[in-house]
> 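The structure follows.
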Number of protein chains: 2
Amino acid sequence: METPPQRQRPGRAPAQGNRTGRPRQAEVARLAGVSQATVSLVLAGRTDKVSIAPETQRRVLEAARTLGYVPDPAARRLAAARNNMLGVFSFTATFPTDVRHSYYPFLVGVECEAAEQGYDLVLFTGSSTGGAGSGGPEALSRVRLADGCLFLGRHAPAAELRRLVDDGFPVVHLGRRDELDGLSWVGADYISASREVVAHLAALGHRKIVLVREDDEAPASTDREHGFLKGLEEAGLPAGPDAVFRTADPASALTPDVLRGWLDAGVTALVAEETDTGAAWLALERTVAEAGLSAPDDLSLAVLGSPPPERDSAPVTGFDIPRTELGAAAVRMLVALVAGEEAQEPLVACPFRPGASVGPPPTPAG
Amino acid sequence: METPPQRQRPGRAPAQGNRTGRPRQAEVARLAGVSQATVSLVLAGRTDKVSIAPETQRRVLEAARTLGYVPDPAARRLAAARNNMLGVFSFTATFPTDVRHSYYPFLVGVECEAAEQGYDLVLFTGSSTGGAGSGGPEALSRVRLADGCLFLGRHAPAAELRRLVDDGFPVVHLGRRDELDGLSWVGADYISASREVVAHLAALGHRKIVLVREDDEAPASTDREHGFLKGLEEAGLPAGPDAVFRTADPASALTPDVLRGWLDAGVTALVAEETDTGAAWLALERTVAEAGLSAPDDLSLAVLGSPPPERDSAPVTGFDIPRTELGAAAVRMLVALVAGEEAQEPLVACPFRPGASVGPPPTPAG
DNA sequence: TTGTACGCGTTATCAA
DNA sequence: TTGATAACGCGTACAA
């Protein structure tokens with residue numbers, strides 16, 4: 001074997017060995033006896049738009065196969081602004097110790113739909129863990145490796161998101177997010193679902209219903225209240241301030257006395273919102289038990305969402321949050337944005353879930 | 001070579017608006033009144049090696065802050081071959097429906113240690129889901145976006161891994177993997193841990209011990225057998241072929257009759273390997289119950305690993321697999337490789353776990 | 001101490 | 001149909 005002692009000509013003619021040790025299009029081109037541009041065209045499959053001699057195509061493809069050519073994702077993204085990858089950024093630790101609070105169900109849908117759409121997934125871990133660029137604006141900036149990015153969690157910093165959106169980087173937020181205009185999001189239709197729960201109760205004859213909720217300004221909370229009030233209105237029921245019991249600490253504020261006060265006032269059904277912690281529902285459930293009452297005999301109970309899955313008791317009336325479907329919908333929207341299309345319908349319906357905790361109101365005289 | 005006066009001056013003076021709408025170093029340079037190279041130096045903090053006027057540095061930093069400059073990860077990777085990100089690739093779905101079979105515990109350690117080391121994490125979903133480049137060699141190639149990559153799962157295709165390794169791309173495999181030389185890996189020290197379990201049994205007085213294992217050539221299985229046999233040897237116990245019961249289907253092959261046969265032959269302790277499915281241990285446990293026996297009175301039982309966590313009965317003697325620590329160790333090794341250093345010790349010790357399923361051998365005559 | 005020039009690997013636009 | 005050539009944004013020898 002004779003390796004002529006050529007001293008590395010700089011630039012022009014690509015030598016056989018490059019920094020990465022892996023063939024680039026230039027090498028393929030040399031082997032196929034064509035130009036690098038032709039290689040790019042053939043490999044990108046754009047042969048219909050520019051039309052290249054079949055024989056040439058064959059040579060290029062074979063050369064690529066021989067050399068084991070694989071495109072460099074970074075270069076692809078840099079040059080074409082696309083590399084067929086979607087980012088997912090979650091602000092809480094992606095792999096929390098407590099699995100219940102994770103975004104697992106969403107991610108199942110995301111992963112599945114991304115594959116369906118022919119995109120690969122790239123997950124970025126949150127800055128909460130104190131990674132490389134935590135704190136700085138760089139933390140969010142790395143998502144630019146992908147063609148677009150999905151954001152999970154309520155606490156996505158507005159400024160950074162704003163920046164991405166303003167730069168025209170495709171972003172979809174999982175969960176309603178109205179204060180940032182221009183930001184696309186998909187979310188569960190808590191309003192309709194909550195209204196439906198109230199309608200169900202009203203249809204059974206309940207005339208006085210109280211909502212127990214936490215003191216939180218998150219859309220997920222306010223949406224539920226809106227839907228609840230709307231449901232009361234539509235059923236012709238009083239929707240005064242007494243209809244909503246709002247407290248920062250349901251566990252201590254929701255005492256058996258409070259509960260009995262409601263019943264004495266004619267309340268026959270209680271509805272609790274569901275949150276990350278499930279505090280409102282858990283407090284309600286516990287207080288009812290402490291007061292020696294039980295649903296649906298003494299009163300009806302419903303939850304605006306799904307109660308923590310750890311209980312194996314009878315199902316509670318409420319609605320299901322279609323987390324997997326939400327993830328999939330988010331991916332579809334992101335793909336649309338990446339393709340330069342308009343974002344579609346952001347709301348995903350929550351199916352009503354009948355349960356054993358709701359019945360007709362008890363007759364007044366027992 | 002002179003560039004003739006073309007319209008739309010190429011390169012030289014970067015206009016204010018670029019494709020991404022986001023400032024690049026050139027813009028920062030213009031605002032600070034320096035060259036783009038200076039910006040790069042200052043921003044990279046290499047001011048000690050080239051030494052730049054403090055005043056200049058101040059101007060550059062301020063300009064960068066004013067414009068809200070953030071580096072482009074793709075460009076960074078392309079130019080410098082580094083972007084401070086570590087990849088994680090798992091071949092089974094990253095978010096399986098069945099959480100027990102996931103790599104969750106590993107990932108907890110990986111995420112934590114990556115943050116510790118100042119690296120960001122990028123997760124690539126497996127080709128199993130049928131993503132963009134499933135099947136093709138491109139599936140694995142996208143990991144090149146990161147500085148190095150961690151691979152999870154037994155089924156990482158050898159050819160693709162070989163390619164990455166040959167190209168000098170830093171790769172660490174989670175789990176022993178010897179058939180690919182040059183491939184770095186970290187794994188649990190099943191051999192020592194299994195030996196220790198046998199030593200524990202021998203010290204209690206057991207003289208005849210049988211290992212129940214599946215018919216699998218995975219290192220995780222063979223390592224356990226090696227350690228088991230080594231333990232027998234060191235205790236001066238017979239390590240003949242009878243000492244290992246190997247079957248493709250423990251559930252049907254491990255009958256109460258087989259079990260009684262062992263006891264009649266003087267066997268006083270049984271050891272099962274732990275695998276993904278836990279088939280060997282589950283079969284053993286069930287058969288013992290069916291035979292009307294119980295541990296540790298009638299015989300001693302141990303498992304080479306941790307039994308499925310769903311049981312809330314007494315702890316079984318065996319060893320713990322330090323999954324989280326394994327993830328962390330893998331990250332440390334990967335960081336070393338990325339830095340061009342040698343890979344360190346690949347084995348992580350599995351702590352012995354005392355349990356209630358092991359005791360002294362029953363006295364022959366009851 | 002700072003600026004010039006080039007390369008990283010790909011896509012895209014033109015002439016030829 | 002194909003082949004130069006220019007970006008894409010950043011890092012870095014080397015020259016000034």
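Within every chain, numbering begins at 1; the chains are lettered A, B, ... in the order of the sequence lines, protein sequences first and strands thereafter.
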> Can you see if the side chain of R76(B) gets near the phosphate of dG11(D) - specifically, an N or O under 4.0 Å from OP1 or OP2?
yes
> Could you tell me whether R82(A) contacts a base, only the sugar-phosphate backbone, or nothing, with contacts defined as non-hydrogen atoms closer than 4.0 Å?
nothing
> Should R162(A) and L183(A) be marked as a side-chain contact (heavy atoms from CB on, under 4.5 Å) after you check the CA-CA gap, both sets of side-chain angles, and the distance that decides it?
CA-CA 8 Å; R162(A) 162 99 276 133; L183(A) 174 63; over 6 Å; no
> Grab the CD-P distance between E27(B) and dC10(D) for me, whole Å please.
9 Å
> Within the 4.0 Å heavy-atom criterion, would you say R144(A) contacts the bases, only the backbone, or no part of the nucleic acid?
nothing
> Quick one, V70(B) with R22(B), criterion side-chain contact (heavy atoms from CB on, under 4.5 Å). Give me CA distance, side-chain angles, the key distance, then yes/no.
CA-CA 8 Å; V70(B) 284; R22(B) 151 181 49 123; 3.8 Å; yes
> Remember a base hit wins even if backbone is also touched, and classify Q25(A) as base, sugar-phosphate or nothing at under 4.0 Å, heavy atoms.
base
> Testing the basics here: between L337(A) and S184(A), what is the closest heavy-atom pair and its distance to 0.1 Å?
CD1-OG, 3.6 Å
> Using the side-chain heavy atoms of S51(B), tell me which of these nucleotides is nearest: dG11(D), dT1(C), dT11(C).
dT1(C)
> Side-chain N or O of R77(B) versus OP1/OP2 of dC8(C): is the shortest distance under 4.0 Å?
no
> Minimum heavy-atom separation for V60(A) and V28(A), please, with both atom names.
O-CG1, 3.8 Å
> More than 12 heavy atoms of other residues, nucleotides or ligands under 6.0 Å from CD of E342(B): is that the case?
no
> Of the non-hydrogen atoms in A146(A) and M85(A), which two are nearest, and what is the gap between them?
CB-O, 3.3 Å
> Kindly say if T38(A) contacts the phosphate of dG3(D), meaning a side-chain N or O under 4.0 Å from OP1 or OP2.
yes
> When you measure from every atom of DNA chain C, which of residues 53-66 of chain B have a heavy atom less than 4.0 Å away?
A53(B), T56(B)
> Could you tell me the separation between the CG atom of L78(A) and the P atom of dC10(D), rounded to a whole number of Å?
9 Å
> Which nucleotide in the set dT10(C), dC10(D), dT2(C) lies at the smallest distance from any side-chain heavy atom of Y69(B)?
dC10(D)
> Taking CD1 from I52(B) and P from dG3(C), how many angstroms apart are they, rounded to a whole number?
9 Å
> Starting at CG of L43(A) and ending at P of dA12(C), how long is that distance when rounded to a whole Å?
13 Å
> Whole Å only: how far is the CG atom of L41(B) from the P atom of dT12(D)?
8 Å
> Is any side-chain nitrogen or oxygen of S35(A) closer than 4.0 Å to OP1 or OP2 of dA4(D)?
no
> Between atom CG in D72(A) and atom P in dG7(C), what is the gap in whole Å?
18 Å
> Where the side chain of Q36(A) is defined as all heavy atoms beyond and including C-beta, which of dT4(C), dG7(C), dT11(C) is the nearest nucleotide?
dT11(C)
> Looking at every non-hydrogen atom in both residues, tell me the closest pair between P170(B) and L334(B) and how far apart they are.
O-CD1, 3.7 Å
> Do L164(B) and F151(B) come close enough that some side-chain heavy atom pair is under 4.5 Å?
yes
> To the nearest 10 degrees, how far apart in direction are the end axes of the helix from dT1(C)-dA16(D) to dA16(C)-dT1(D), each fit to five base pairs?
50°
> Do the side-chain N or O atoms of R46(A) get closer than 4.0 angstrom to the phosphate oxygens (OP1, OP2) of dT11(C)?
no
> Can you tell me which nucleotide in dT12(D), dT11(C), dG9(D) comes closest to the side chain of S40(A)?
dT11(C)
> Tell me: CZ of R22(B) to P of dC8(D), nearest whole Å?
12 Å
> In whole Å, what is the span from the CZ atom of R30(B) to the P atom of dG9(D)?
14 Å
> For P73(A) versus R142(B), what's the shortest heavy-atom pair and its separation?
CG-CA, 3.6 Å
> Does a sphere of radius 6.0 Å around CD in E179(A) hold more than 12 heavy atoms from other residues, nucleotides or ligands, not counting ones at 6.0 Å or beyond?
yes
> Over all strands shown, is V34(A) touching base, sugar-phosphate only, or nothing at heavy-atom distances under 4.0 angstrom?
sugar-phosphate
> Taking OP1 and OP2 of dC8(C), is either one under 4.0 Å from a side-chain nitrogen or oxygen of R24(A)?
yes
> Taking all non-hydrogen atoms of both residues, which atom of E27(B) and which atom of R24(B) are closest, and how far apart?
OE1-N, 2.8 Å
